[in-house]
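A quick write-up on the structure given underneath.
Convention: sequence-line order gives letters A, B, ...; per-chain numbering from 1.
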Amino acid sequence: MTNASDNSKPTFAQLGARPETVAALAAMGIERAFAIQQYALPIGIRGGDMIGQAPTGTGKTLGFGVPVIDRVLSPQDGADGAPQALIVVPTRELGLQVAKDLAGAGKTRGIRVLPIYGGVAYEPQVEALRKGVEILVGTPGRLLDLAKQKQLKLDRVRSLVLDEADRMLDLGFLDDVEKILSMLPEDRQTMLFSATMPDPIVHLSRRFLRNPVTVHAGHDDVPGVSPQTKQFAYRTHQLNRLELLARILQSKERGLTMIFTRTKRNADRVTEDLDFRGFAAAAVHGDLGQGARERALRAFRTGKVDVLVATDVAARGLDVSGVTHVINYDCPEDPETYVHRIGRTGRAGATGVAVTFVDWEDMPRWRLVDKTLGLEIPDPQETYHTSPWVYTDLDIPTDTSGTLPTADRSRVGLGAEHEEDLGGGRSRRRTTTKRGGSDAPAAERPPRRRRRITGEAELVTEEALADAEVKPRRRRRRGGAEAPVIVEGAAPQADDATEAERKPRRRGAATAVLEAAPAEDSADAPKARRRRRRRSGGTSGSADSAAE
DNA sequence: AAAAAAG
């Protein structure tokens, strides 16, 4: 899909990307920049440290990817093959995807991008390192493994990116990430990107950042979440969940669907049950071999199966076009997980449907998710006693006359817009009828409540940035790190200046607010102010910031 | 508490 005609967005050339990169992006069908890219490119290209936050599916990868590409020397420029940039990611499949995106953007300059991750043979990776690469994208375990074996030199890395940064800096990963950081030159660019940035993580991250700019793009309604995704919650019971699931999967409006479970075993169980009922489902979780994981994801991306059942290994970052439904078969444990899971749909302007199953035991954590994010989804309790699987707003068959719901086999393989050659003379059709456009399901219904996207407008100019850094309204230092500049995607209110001075962000990070977006229309202003106040008055740091 | 990430 090309976005060339959207004149409201700047081109990558206007944002300072190299002409070769602009050409490479054009070849990928990408001409215009999303909000996060508008803000991040000018800062990243000149080598600045940054915390980049934007909703799921709004282009964070190229937000750091273009700066990384444009800052490395190509082989023609005299690159000697030592890695000049490192992107660290939390899962192997995400590493593969990011590496492909960057390779595409760096193609015209011959930039070599190497994915490094476990579960696959060492030799190809070692061999590629020996030949030389400009950019590494990897998961921590294998990166450290190869570094320890001296197969990998990180002392020439000039740019470091933590993708899904809050995940990379939480307890499961922090030790490994710190080890990796200790192997990098101190004089380097560091960029942190995620849709969610809990306060404690932001605070922790200041140890690794120098004069960071915080770039915060997106809408201010349910921040982090794509506004085009319609969200539902059902009150469920262990005994009726599979029935409800099968009925949702029979929806005529459904395209590719991701189902999230809490455990690997549950992912297998659900997959087996759906398979038994005739649905084309595949499972992805960490107990599977790497080959099986990648095959499952590939089958899903190509539409060979239209249901992917996954643990949270697939919750973050994965970009699969045509995903219309996300179903939280097991309720997510925390607001961040919810945001990332449902962010697999409603990407790049497409519409989506997110359904969460809430058992009685899940009510406390669901209420926390709903309250923290300000979702205001109707209490699932109310939907229970009427009929366990009828919810009028969602298009699912309500006939409960006794037959087990089973798959309509014609779903997979029919209604195709194009075919793809699988090789060997076979071809496969893809169901692409639900892809993103105005015919998608949620677009036909009036939005539950009004949502507005801001932060998509003006360029962040060099002068404006310089101005913001020279004249901060307030500057505090803590732990030797410069307080960051905040570039807000959402338009600041008229009274924000005084509010910022009176009540800077808890971590003392709000030093300057750069007005990078157009003024809101006045009708919306009181509402937005109220929201902002509610957010800043939150009690739990993580809860509060999850919503930002 | 589970999942992920080295083998």
Side-chain angles (χ1 to χ4, degrees), chain A residues 86-99 114-126 129 136-152 154 161-181 183 194 196 198 201 258-271 283-294 296-297 308-318 326 328-341 343-344 356-357 359 361-366 368-369 542:
Chain A
L86 172 63
I87 294 129
V88 189
V89 299
T91 65
R92 297 163 180 178
E93 288 75 18
L94 182 57
L96 203 49
Q97 175 186 295
V98 170
L114 178 66
I116 294 277
Y117 56 87
V120 294
Y122 285 85
E123 295 77 44
Q125 293 178 5
V126 171
L129 286 167
L136 294 176
V137 183
T139 49
R142 182 62 69 91
L143 282 170
L144 284 170
D145 194 356
L146 290 175
K148 206 182 219 170
Q149 297 179 33
K150 306 283 181 204
Q151 307 278 8
L152 180 57
L154 294 175
V161 179
L162 298 184
D163 195 9
E164 307 296 345
D166 53 334
R167 181 79 187 86
M168 301 314 304
L169 294 174
D170 83 13
L171 255 37
F173 276 118
L174 185 58
D175 275 357
D176 282 352
V177 168
E178 283 193 309
K179 276 182 203 138
I180 292 168
L181 290 179
M183 304 166 64
S194 183
T196 52
I201 300 292
M258 288 184 75
I259 298 169
F260 285 100
T261 62
R262 196 175 57 87
T263 62
K264 294 175 275 200
R265 253 191 85 200
N266 236 10
D268 281 334
R269 271 200 295 255
V270 171
T271 307
V284 169
H285 60 69
D287 274 355
L288 298 173
Q290 190 55 28
R293 285 169 58 161
E294 287 175 27
L297 189 57
L308 189 68
V309 187
T311 59
D312 285 323
V313 69
R316 284 177 177 257
L318 295 183
V326 168
N328 290 314
Y329 185 84
D330 291 323
C331 186
E333 299 285 327
D334 51 64
E336 289 83 7
T337 304
Y338 179 80
V339 167
H340 289 280
R341 281 181 176 186
R344 295 322 93 213
T356 302
F357 291 2
D359 274 10
E361 310 89 87
D362 298 323
M363 283 305 290
R365 65 191 127 213
W366 171 251
L368 181 68
V369 170
S542 121

Give the table of side-chain donor-acceptor pairs shorter than 3.5 Å for residues 91-98 of chain A, with sequence neighbours excluded, one pair per line with atom names and distance.
residue: Thr91(A); atom: OG1; partner: Leu94(A); partner atom: N; Å: 3.4
residue: Arg92(A); atom: NE; partner: Gly118(A); partner atom: O; Å: 3.3
residue: Arg92(A); atom: NH1; partner: Gln290(A); partner atom: OE1; Å: 3.0
residue: Glu93(A); atom: OE1; partner: Arg293(A); partner atom: NH2; Å: 2.7
residue: Glu93(A); atom: OE2; partner: Gln290(A); partner atom: NE2; Å: 3.1
residue: Glu93(A); atom: OE2; partner: Arg293(A); partner atom: NE; Å: 2.8
residue: Glu93(A); atom: OE2; partner: Arg293(A); partner atom: NH2; Å: 3.3
residue: Gln97(A); atom: OE1; partner: Arg301(A); partner atom: NH2; Å: 3.0
residue: Gln97(A); atom: OE1; partner: Asp319(A); partner atom: N; Å: 2.8
residue: Gln97(A); atom: NE2; partner: Gly317(A); partner atom: O; Å: 3.0

**Q.** Residues that Thr356(A) engages under side chain to side chain donor-acceptor pair (under 3.5 Å), provided they are two or more places apart
**A.** Asn328(A)
Q | Contact state string [nucleotides 1-7 of chain B, B base, S sugar-phosphate only, - no protein heavy atom under 4.0 Å] | A | BSBBBSS
Q: For Thr337(A), enumerate each residue passing the side chain to side chain donor-acceptor pair (under 3.5 Å) test, keeping only those at least two apart in sequence or located in another chain.
A: Asp334(A)
Q: Using the test side chain to side chain donor-acceptor pair (under 3.5 Å), find all partners of His285(A) that sit at least two apart in sequence or belong to another chain.
A: Asp268(A)
Q. For Phe173(A), which residues count as a ring-ring contact (aromatic ring centres under 6.0 Å, His included) partner, sequence neighbours excluded?
A. none
